[in-house]
Number of protein chains: 2
Amino acid sequence: MARNQQQELKALQDTLYFIGGKWRIPIINSICNGNRRFREIERSIPGITTRMLSKELKEMEQSKLLKRTVYDETPVLVEYAPTEHCRSFGKVIAEMIRWGKGHREVVIRGNKAK
Amino acid sequence: MARNQQQELKALQDTLYFIGGKWRIPIINSICNGNRRFREIERSIPGITTRMLSKELKEMEQSKLLKRTVYDETPVLVEYAPTEHCRSFGKVIAEMIRWGKGHREVVIRGNKAK
DNA sequence: GTAACCAGTATCATGTAGTATACCAGTAAT
DNA sequence: ATTACTGGTATACTACATGATACTGGTTAC
């Protein structure tokens, strides 16, 4: 029950760090829903500033979660696309949604179940 | 692809909020590994302060993730135990570990896979 | 020429999560 | 009586994530 527990905790913290910020999930959501361009993503996420979006997109590109492509048309066009790796995060998201729904019931209704 | 998306995002944010802090996961980990008493938990988590532990335990009790029991022996003994609800979080944790491991490979080794 | 779009960057302000440190009341052992 | 344990609280500080706001350089349209 220990040993590679160290390693698992590390992996866990990586994941937590990755989704740590306030905007990560909304951004992933937006891009996975088909938004591709900077202003488009920005408009799809109420409340986000260009500063935060810019910062997050940069980090996400470095983490290989997004692919940034510059098309040298005129005017220049920049496209952000999710990688497979990013899409693979879907399972984690699904589990979190599942748990979050249950959590809401437990906390709000009090615990009837054991 | 929308509709209850609002609701799902909310559930997701609940979960994120729940694991948001720096110490939540280590504390859950510690308690699920059998630690029960305040100082015991505290010693099992390097770097945590009594203040943070106290604060977190309080919140976690309110969220029905922990059961706090005071045994009026002498000296007084306080026990923290995980609820079923807390243990049910294990699946999320497992998914996060799984993803975190893959993430590490993708980021560190560069992306050979598509 | 000026207004409006694109994809951002730069600078400064603020709030809150977390840290550091000390302390309290009670019990027990030496 | 002093040291060390228990389960915590109180106060002060600090750093970092985020927010607000303005600006840049290029293109297109009127």
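To find a chain, count down the sequence lines: A is the first, B the second, and so on, and within it residues start at 1. As the structure is a computational prediction, the values presented were derived from the model and not from experiment. FYI, side chains are in, hydrogens and waters are out, and symmetry mates aren't considered; it's all heavy atoms of this structure.
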Atom pair distance, as rounded to whole Å: [atom1] in [X] and [atom2] in [N]:
X        : N       : atom1 : atom2 : result
Glu40(B) : dC5(D)  : CD    : P     : 15 Å
Glu73(A) : dC5(C)  : CD    : C1'   : 16 Å
Lys55(A) : dT9(C)  : NZ    : C1'   : 14 Å
Leu77(B) : dT27(C) : CG    : P     : 14 Å
Leu53(B) : dA17(C) : CG    : C1'   : 16 Å
Arg36(A) : dG8(C)  : CZ    : P     : 15 Å
Asn35(A) : dC6(C)  : CG    : C1'   : 16 Å
Lys22(B) : dA20(C) : NZ    : P     : 8 Å

Which of the following nucleotides, [options], is nearest to the side chain of [X]?
X        : options                   : result
Trp23(A) : dG19(D), dG8(C), dA28(C)  : dG19(D)
Arg43(B) : dT9(C), dT9(D), dT6(D)    : dT6(D)
Met52(B) : dT27(C), dG8(D), dT19(C)  : dT19(C)
Pro75(B) : dT18(D), dA28(C), dT27(D) : dA28(C)

Could you pull out all donor-acceptor pairs under 3.5 Å where a side-chain atom in residues 47-58 of chain A meets a protein atom, sequence neighbours excluded?
unit_1	atom_1	unit_2	atom_2	d
Thr49(A)	OG1	Met52(A)	N	3.3
Glu56(A)	OE1	Arg24(A)	NE	2.7

Presence of donor-acceptor pair under 3.5 Å, side chain of Thr50(B) and base of dT9(D) |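 It does, because a donor-acceptor pair links the side chain of Thr50(B) to the base of dT9(D) below 3.5 Å.
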Does Arg51(A) get its side chain close enough to the base of dG19(D), under 3.5 Å, for a donor-acceptor pair?
-> yes
Report which part of the nucleic acid Arg24(B) touches: base, sugar-phosphate, or nothing (heavy-atom distance under 4.0 Å, all strands).
->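 Nothing, no nucleic acid heavy atom in range.
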Toward the 5' end of DNA chain D, which comes first, Tyr80(B) or Gly21(A), by nearest nucleotide?
->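 By nearest-heavy-atom nucleotide position, the 5'-most residue is Tyr80(B).
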Any donor-acceptor pair under 3.5 Å linking the side chain of Glu42(B) with the backbone of Phe38(B)?
->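 Not a single qualifying donor-acceptor pair exists.
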Please work out whether the ring planes of Phe18(B) and Phe89(B) are parallel, tilted or perpendicular, with thresholds of 30° and 60°.
->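 Perpendicular: the ring planes of Phe18(B) and Phe89(B) meet at over 60°.
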Ignoring backbone atoms, test whether Thr49(B) places a side-chain nitrogen or oxygen under 4.0 Å from the OP1 or OP2 oxygen of dA20(C).
->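 So the side-chain polar atoms of Thr49(B) never come under 4.0 Å of the phosphate oxygens OP1 or OP2 of dA20(C).
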Distance below 4.0 Å between Lys58(A) side-chain N/O and dG8(C) OP1 or OP2 = no
Residues two or more places apart in sequence or in another chain: which of them pass side chain to side chain contact (heavy atoms under 4.5 Å, CB included) with Lys22(A)?
-> none
Quick one: are Val78(B) and Arg37(B) in side-chain contact, heavy atoms under 4.5 Å?
-> no
